[in-house]
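Residue numbers start from 1 in every chain, and the chains themselves are labelled A, B, ... in the order their sequence lines are given, proteins ahead of strands.
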There are 2 protein chains.
Amino acid sequence: MPDLSKLSERQRRMYDMIQEFLLENSYPPSVRQIGEAVGISSTSVVSYNLDKLEKEGLIARDRDVSRSIRILEQDGDGENGRSRFQPVVNIPFLGVIAAGEPLLVPDPDMMDAEEYVTVSPDLLPSRADAARELYALRVKGDSMIDALIDDGDLVIIRRQSTANNGETVVAWLKDERETTLKSFYLESDRRRIRLQPRNPTMAPIYCEPANLEIQGKVVGVVRRYD
Amino acid sequence: MPDLSKLSERQRRMYDMIQEFLLENSYPPSVRQIGEAVGISSTSVVSYNLDKLEKEGLIARDRDVSRSIRILEQDGDGENGRSRFQPVVNIPFLGVIAAGEPLLVPDPDMMDAEEYVTVSPDLLPSRADAARELYALRVKGDSMIDALIDDGDLVIIRRQSTANNGETVVAWLKDERETTLKSFYLESDRRRIRLQPRNPTMAPIYCEPANLEIQGKVVGVVRRYD
DNA sequence: CTTGACATAGAACATATGTTCATTGTATAA
DNA sequence: TTATACAATGAACATATGTTCTATGTCAAG
């Protein structure tokens, strides 16, 4: 936690204002906006106190650049300190996916996501704009345990309608109107598809290609231990 | 999902530039900076094309405000579109951890992280300020495969010096001067510690409590399929 | 009481930055 | 060929914005 104890009351209020402004506006405030919000009528006083916040390693600014304030990581060293506010990717969180008995889940294309998970850019495929093809699902069941996907894990899905053998996919079974998470295999006769649980206690699901729609494949897993 | 198909090549390049600029600088670019990066010499052309991106619902701008471009969520409706600029946490990435043969890794407290991974708040324990207790390691080896941790996975470690039986810990073996990732068990005689690989082909490591230092435990796993 | 460091204040100034305007270029349809 | 819509261009302009300067106030130490 950044050490604010060395700051004056006015400096603390400025620091708080900058954070709040960033969250509300998605761009940093100007010197004048900080002054207006904190009750400082003089831009040189704002600038003086911003210098103080920089010296404390709490923020960084680029000289002669408007709105260049960034809030640093708590142990920021001022020059190369990383920003605590960065663009991240919000991926639609579309609910629960069955790794076990299939669940009735509508077509993700038809769903308006009201919930999002924030995914760091590090988890994304190489092209940032591919993020728009992604969504997230919470795994329910342990049928994919041998693919190292556990009950409760968050899986990141890239929308696509094809898969290679062995890839873990979100499969929509049209006749059954159910969605499940399984490893995809096109049988060697090329007439049937095998949806393979990765749990030795469970049997695969066989179906006709016409009955199956691949909605996406797993490109990432996020697990949190509580 | 943002539909870039309606954009001209120049507009797509501007859109990409804005995203990259945000990631690098933590504040938005100016009209002139966009022009310089994309090879447009006229600020009115940049402005014209930014208007187009706004009409497509990809970005938003505030009039007469410098650097007020924000990138909207893929289903942004212009007014209430979610900003992708949010607080994230940068966790020091301290290198590789052995899930197999122990590696010689110095004490994480002594290490200056020169690399960080950006982790979304969703992955953190409940208190965001606990982030300073965290660091990240890349797993090398598959000795924890039965704990659903694979070679190549990123593990999020919370610094702590104690563990409960069964928890996956970063263990420092003093005499051997080696660090390894294993499940921790205090044997029932309470005199020996068993560091248990979670791979049936591997033998546990037994050691005296005095020879062991727990540096942290796994609180999250991030896997990316390439 | 005096001095020095720190903080504040307003004004002026310089530059950064976004918007507007007149003109030209390109492509497509009539 | 002409007309229209869209895109591009450079210049000018207005405003936003950060920095500098001078002067004053406050407080603690000597």
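- For the OP1/OP2 pair of D:dT17 and a distance below 4.0 Å, the side-chain nitrogens and oxygens of A:R61 include no atom meeting the criterion.
- Looking at B:D153 and B:R224, no side-chain N of the basic residue comes within less than 4.0 Å of a carboxylate O on the acidic one, giving no salt bridge.
- Atoms CD (A:Q33) and C1' (D:dT17) sit 10 Å apart, rounded to a whole Å.
- Contact of A:S42 with C:dG10 (side chain to base): a donor-acceptor pair of N or O atoms is detected under 3.5 Å.
- Put simply, CG on B:L7 is 16 Å from P on D:dC6, counting in whole angstrom units.
- Look at B:N49 and you'll find a side-chain N or O under 4.0 angstrom from OP1 or OP2 of D:dA8.
- A donor N or O paired with an acceptor N or O is found under 3.5 Å between the base of D:dG18 and the side-chain atoms of A:R32.
- The pair A:E208-A:R192 does not meet the salt-bridge criterion, since no charged nitrogen lies less than 4.0 angstrom from a carboxylate oxygen.
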Anything under 3.5 Å between a protein N or O and an N or O of nucleotides 24-27 of chain D, put it in a table, one pair a line.
none

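- Minimum heavy-atom separation, A:A171 to A:L212: CB-CD1, 3.4 Å.
- Per the geometry, CZ belonging to B:R67 stands 17 Å off P belonging to C:dT15, to the nearest Å.
- When each of C:dA9, D:dT9, C:dT17 is scored by its nearest atom to the side-chain atoms of B:S44, the top-ranked nucleotide is D:dT9.
- Out of D:dT9, C:dA9, C:dT19, the shortest distance to the side chain of A:S41 is found at C:dA9.
- Rounded to whole Å, the distance from CD on B:E36 to P on C:dG18 is 11 Å.
- Between the side chain of A:R70 and the backbone N or O of B:S26, no donor-acceptor pair lies under 3.5 Å.
- Listed nucleotides: C:dA12, D:dA16, C:dA16. Nearest to the side chain of A:T43: C:dA12.
- Taking side-chain N and O atoms only, B:S66 has no distance below 4.0 Å to OP1 or OP2 of C:dG18.
- With rounding to whole Å, B:K52 atom NZ is found 7 Å from D:dC6 atom C1'.
- One finds a side-chain N or O of A:R10 lying less than 4.0 angstrom from the OP1 or OP2 phosphate oxygen of C:dA9.
- Contact annotation: the side chain of A:I157 never approaches that of A:K217 to less than 4.5 Å [non-hydrogen atoms, C-beta and beyond].
- Using a 4.5 Å heavy-atom threshold, the side chains of B:Y15 and B:I71 count as touching.
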